[in-house]
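Written out below as structure tokens is the structure these notes cover.
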Number of protein chains: 2
Amino acid sequence: MAQAQLVAEREASDGALDLQHFFPYRLAVLAEEVSRTVAQLYSDRFDLTRHEWRVLAALGINRRMAAKDIADYSRLDKMSVSRAVAGLEVKGYLDREEDPADRRNKILRLTPAGRALYQKIVPLARARERHILEALTAAERKALDVIMTKLLTQAHGLRERG
Amino acid sequence: MAQAQLVAEREASDGALDLQHFFPYRLAVLAEEVSRTVAQLYSDRFDLTRHEWRVLAALGINRRMAAKDIADYSRLDKMSVSRAVAGLEVKGYLDREEDPADRRNKILRLTPAGRALYQKIVPLARARERHILEALTAAERKALDVIMTKLLTQAHGLRERG
DNA sequence: TATTGTTATACTCTATAACTATA
DNA sequence: TATAGTTATAGAGTATAACAATA
């Protein structure tokens, strides 16, 4: 795998672009690879889609949420949440009840089976996260945290402006 | 957006998992956001798919490649390359010729229109990369380069082992 | 009128496998 | 037999919009 150089040393040459040194490409490849290690759990072993896993994770920590809140929490759009919720309900991991305060809302929560599944997956997911981050020194982990926050803000701003 | 903590301070609590502090999720969100800023160029402005853009980028720098080599270079499978190549050919950005040395190979190269498109996109893509990375200090950029390489190796190893 | 949630539609991406042709 | 490339198919992700029920 080619060692990367970020933008600094080659800003002059705008005429060509080597994907192996192009930050958005490298980031996409890395995120894809990391995602797959987690997907091996929720997808291969527990037969959930990525969206279902995110909804499960949302309800695992928040217990009772409206679909709208899950969408905000998990960065899925409301349509994806609706589909994932339907999927989890069919599999018996989740149920809905009406919100008496606002009958447009469907309050969602995990069934005992859903919570059991969640508690099976979480330690495995955590172990994978831990293992991946063990490639870094403590200082690098700390730096990465700051870096990711900065980059997300910057990229978001850029995209908003088009 | 919640400030993140990476794994260090909370290894004890394996019972719950907050997506906002889960590294694979945060990385996926970041990569997605960065990808979109580049997609605004190749997709919104120049009507290419992500795969077509990768093939264009491959041929922009390597001039003449077999489909197989493009797949290796761009991390697409041969089927995705085949489709992207067909799309670019229809749009007049690419043509193929037979390799006299091995007639199974189709040698691919950009047409003048394809090269012109490439040279329009590249400086814009570079500018976006540069702008995003300007959120970081020089030291952070350097650290990130090392970090990404380490993480990719580690994640790849983990995934291979399942 | 605005919001929550569902359904419809279409396009893209991902994955596996069957197939053709060449080697 | 093995490799390069194409085609088929299905499941999953992404996006926009129309729609129903409720506020």
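Because only heavy atoms are used, hydrogens play no part in the values below, and waters and symmetry mates are left out as well, while side chains stay in. Sequence lines set the chain letters: A, B, ... in the order given, protein chains first and strands last, and positions in each chain run from 1.
For the residue pair B:Asp18 and B:Tyr25, no side-chain donor N or O sits within less than 3.5 Å of a side-chain acceptor on the partner.
Each of A:Asp77 and A:Ala101 has a nearest nucleotide on DNA chain D; the 5'-most of these lies closest to A:Asp77.
The nearest whole Å value for the distance from the CD atom in A:Glu52 to the P atom in D:dG11 is 14 Å.
When all heavy atoms of A:Leu136 and A:Leu144 are compared, the pair lying nearest together is CD1-CD2, 3.9 Å.
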Identify each atom pair where a protein N or O and an N or O of nucleotides 3-7 of chain C are less than 3.5 Å apart, giving names and distance.
unit_1: C:dT3; atom_1: O4'; unit_2: A:Arg104; atom_2: NH1; d: 3.4
unit_1: C:dT3; atom_1: O2; unit_2: A:Arg104; atom_2: NH1; d: 2.8
unit_1: C:dT4; atom_1: O3'; unit_2: A:Asn105; atom_2: OD1; d: 3.1
unit_1: C:dG5; atom_1: OP1; unit_2: A:Ala67; atom_2: N; d: 3.2
unit_1: C:dG5; atom_1: OP1; unit_2: A:Lys106; atom_2: N; d: 3.4
unit_1: C:dG5; atom_1: OP2; unit_2: A:Lys68; atom_2: N; d: 2.5
unit_1: C:dG5; atom_1: N7; unit_2: A:Lys78; atom_2: NZ; d: 2.9
unit_1: C:dG5; atom_1: O6; unit_2: A:Lys78; atom_2: NZ; d: 3.1
unit_1: C:dT6; atom_1: OP1; unit_2: A:Arg96; atom_2: NH1; d: 2.3
unit_1: C:dT6; atom_1: OP2; unit_2: A:Ser82; atom_2: OG; d: 2.7
unit_1: C:dT6; atom_1: O5'; unit_2: A:Ser82; atom_2: OG; d: 3.4

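If you check every strand for non-hydrogen atoms under 4.0 Å, A:Glu98 touches nothing.
In this pair, B:Trp53 and B:Tyr42 present their aromatic rings parallel. The plane angle is below 30°, not in the 30 to 60° band.
Between B:Lys68 and B:Asp72 there is a salt bridge, since a side-chain N of the basic residue sits under 4.0 Å from a carboxylate O of the acidic one.
Rounding to the nearest 0.5 angstrom, the gap separating the NZ atom in B:Lys120 from the CZ atom in B:Arg115 is 14.5 Å. Residue A:Arg54 holds its CZ atom at 13.0 Å from CD1 of A:Ile70, rounded to the nearest 0.5 Å.
One finds no side-chain N or O of B:Arg103 lying less than 4.0 angstrom from the OP1 or OP2 phosphate oxygen of D:dT3. Within the structure, a side-chain polar atom (N or O) of B:Arg36 is placed less than 4.0 Å from OP1 or OP2 of D:dA15. For B:Thr49, a side-chain nitrogen or oxygen approaches OP1 or OP2 of C:dC13 to under 4.0 Å.
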